[in-house]
Amino acid sequence: MSERADIIANCYQSERDRLVGYVGKRLANRAEAEDIVEDAFERILTSGQLLTAETLPALTFTVVRHLLTDYFRRRACRAAYVPPVEQGDDASRLCSLHEVEEWLERGMARLSPDSREAYRLHVQGGMKISEIQHLTHQNYKQLEYSLGVARRTMRQHMKLFAS
């Protein structure tokens, strides 16, 4: 083994339990804590940073703290967008992605062919009206109007789905 790997191995043996305890107190999940500590040592091992036996414990603690912050940030984002389902929730209000896609297709079927094509290109394809105009060779104002009609129709249709 190289000198660098020896320094990291010695730090791993001496600091691992302390770091797992630090993370474990904040997570209340020993398996997650061990994973975070393992990830920290893996990052240090694969990084090209200059390491010494004196600075490695502080660096390891810093990397573990950053990984822990990332873990909580991801968890907070997930909780903000995906509320947990609890016992008292009305399970009939929850729907699958397949149902939403099916409802969207029904709404798209209500549109005229020109409006449907413009809506697909704009919303699903991410194209601007000028780009759609060049592709379809339609009048810009007519295309803008048909896209507005398509948006209103789809909005009304999805409101029915949500209620």
Under 30°, 30 to 60°, or over 60°: which ring-plane class applies to Trp103 and His157, parallel, tilted or perpendicular? parallel
Between atom OG1 of Thr52 and atom CG of Leu59, what is the distance when rounded to the nearest 0.5 Å? 9.5 Å
Test side chain to side chain donor-acceptor pair (under 3.5 Å) applied to Glu105 - qualifying residues, sequence neighbours left out: Arg120
Mind checking the CD-CG spacing from Glu117 to Leu111? Nearest 0.5 Å is all I need. 12.0 Å
Tell me, please, which residues at least two apart from Gln142 pass side chain to side chain donor-acceptor pair (under 3.5 Å). none
Taken to the nearest 0.5 Å, the spacing of Leu121 CG from Ile129 CD1 works out to 11.5 Å
Which pairs with one or both residues in residues 21-33 pass side-chain hydrogen bond (donor to acceptor under 3.5 Å, both in side chains), sequence neighbours excluded? Arg30-Glu34
Pairing residues for Ser130 by the side chain to side chain donor-acceptor pair (under 3.5 Å) criterion, not counting sequence neighbours: none
Hey, could you give me each pair passing salt bridge (Lys or Arg N to Asp or Glu O under 4.0 Å) that has a residue in residues 43-58? Not counting sequence neighbours. none
Test side-chain contact (heavy atoms from CB on, under 4.5 Å) applied to Asp35 - qualifying residues, sequence neighbours left out: none
Can you name the residues that form a salt bridge (charged side-chain N to carboxylate O under 4.0 Å, His left out) with Arg110, not counting sequence neighbours? none
So the salt bridge (Lys or Arg N to Asp or Glu O under 4.0 Å) pairs with at least one residue in residues 135-158 (sequence neighbours excluded) are Lys141-Glu144
Mind checking what makes salt bridge (charged side-chain N to carboxylate O under 4.0 Å, His left out) contact with Glu38, not counting sequence neighbours? Arg16
Got a sec, which residues hit side chain to side chain donor-acceptor pair (under 3.5 Å) with Glu15, two or more places apart in sequence or on another chain? Arg18
Taking only residues two or more places apart in sequence or in another chain, which ones pass salt bridge (charged side-chain N to carboxylate O under 4.0 Å, His left out) with Asp70? Arg73
same_hphob_cluster(Ile8, Leu50) at 4.5 Å side-chain heavy-atom cutoff: no
Considering only Ile, Leu, Val, Met, Phe, Trp and Tyr, and joining two whenever side-chain heavy atoms are under 4.5 Å apart, list the other residues clustered with Tyr145. Val149
